[in-house]
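Reading through the structure tokens given below for one structure.
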Amino acid sequence: MTTLTTADLVLAGGRVVDGTGGPERVADVAVADGRIVAVDALADVSAARVVDAAGLVVCPGFVDVHTHSDLTLLSSPAAHSAVRQGVTTQVIGNCGLGTVPVPPDTDAAALRAAVGFLDRDPAVEWRWRSLLEYLETLRAAQPAVNVMTLVGHVPLRAATVGFARRAATAAERDRMCGLLADGLAAGAAGLSTGMVYPPASYADEAELVALGRVVAEHDGVFAWHVRDYADGLLDSVAQALRVGEQAGCRTQISHLVVVGRRNWGAARAALDLVGAACERGLDVGVDVYPYLAGSTSLFQLMPGWAQEGGAGALLRRLGDPAVRERIRDELVGHPVGWDEIRVSRLPADDPQVVGATVADLAAARGQSGADVVMDLLLAYDAAVDMVAGGRCEDDLREVLAHPLTVVGSDGFALDPHGPTGSGMPHPRSYGTFPRLLADYTGEGGLPLPAAVAKCTGQAARRLGLTERGVVAPGYAADLVVFDPAVLRDRATFDAPQNYPDGVRLVVVNGEVVVEDDHTGARPGAVLIHRDRQEIGEQGCRVPR
Ligand code: ZN
Ligand code: CU
């Protein structure tokens, strides 16, 4: 029993699942000045507000380690799709995609097209050149969630090598490393690469190791969208691990999935590679989202050679019949069928196209799937997104169950009624965390405390966040109260913009952001990766 005199908020008598993975216990949680001040049975506390949490789960706010909200948070800082799930921190700058740095000699328009997947609102002006300036812009937008950023490899390479398909020279590499070091010094949590996104995809291993060494010097994390999640999955995961071990940097395999029916079952082998690297001493982790489809730019279906030079060059090539023939040939035997690929967003909403599969469109137009894709890219200046399936439940469960895996949505902070509300986005932006906790826990799934840890404390540790993700005195008051009997995700592939049921209360830095509905509060902080010493021991251990 603790006697506490005053608090701003007390969540009374809830089932506290504290984010460490330890067993739940019934306790009161007291908050003052944005921090958790007590987790105990409290007597005689005079609180500005007491919320009865009896029968409800009280846990840390969800730390979404993998998002693409770099630009959407500027348009939709209320972050409806995130906070309504209970997300209180988002990590941006993933998959190599990012908006900084943009030094004066960068082709900014080409960079903006290359990271078009982030870009859902043409009204957002890029007025920043450095990470520091971007973070200032983000702070001024007053997001509802806390935000931490990685530096993306795509802008680094665009700024130094441009969009050529070649290895960097030693001088270019040094410049890239310098720009990365600037970003890390300004507070980025690490680096991300996307080995499928030009021009990052043109990097050789010497470049990746050099960048990894800079990450290691700053005790950051190096997150990888690996080269190939389909036929080349194991080689691609092995590359990330090899670079991590050579550079000595904390390594994260982003959204580990197995794409293509012929590859199903490979999750085990990929996880074994990760586990073995961990046992050799690499600080490595994995993240995943609980859906059997992904989402990215449609131009990702185009071969790397066709994308050389950026989006403009790709579109010019697609006008050449010989090039089209070659692409058609290369797409035969693609691991994901045309009936598993849907158009999810266009610059202008066309209900005939958005939500249709490539197979539907091919049948309606009397064309091959490859031609449908190429024509869509031409018609909409390559600014087309897709949702693509080809994954299986067994692999997903295998990845999720692994002790080194945490949860990341790979989604966006969106507002269904704002400029980021167009199209048929992947439902993960609205449903990841409730879906995980409702559908992947209990019998046949994870124990609730372990699942919560993967969404909170364990996730925070991957990013070096020491003050969040745990319900304990001294931690930031980022909290979620949900009703486990009601918790359910309602966002589907056909109706993606539905909020989940059962999330009762969401608190960010001590302020209530969701109380059944969004309260309008936007108390999020831009988180700077600092106090690196405090991060201390977080080497991974694989329980056997
Ligand atoms: Zn990715
Ligand atoms: Cu991503």
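Every number for a ligand or one of its atoms is a count from 1 in the order of the listing. Because the structure is a prediction, the values reported are computed rather than measured.
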With a 4.0 Å cut-off on N to O distance, would you call R166 and E172 a salt bridge? yes
Do NZ/NE/NH1/NH2 and the carboxylate oxygens of D287 and R462 come within less than 4.0 Å? no
Could you tell me whether D272 and R268 have a side-chain N and a carboxylate O separated by less than 4.0 Å? yes
Sidechain N-carboxylate O distance under 4.0 Å for R242, E245: no
Can you name the side chain to side chain donor-acceptor pair (under 3.5 Å) partners of S344, sequence neighbours left out? none
Going by the side chain to side chain contact (heavy atoms under 4.5 Å, CB included) test, name the single residue among V274, V399, T405, L404 that passes it with I253. V274
Side chain to side chain contact (heavy atoms under 4.5 Å, CB included) against D121, all qualifying residues, sequence neighbours excluded: S75, A123, V124, P419
With a cut-off of 2.8 Å, strictly less than, protein N/O/S atoms near the Cu ion (ligand 2) add up to 4
In Å, rounded to the nearest 0.5 Å, how long is the span from OG of S254 to CZ of F222? 10.0 Å
For the Zn ion (ligand 1), how many protein N, O or S atoms lie at less than 2.8 Å? 3
Between E217 and R213, is there a salt bridge with N-O shorter than 4.0 Å? no
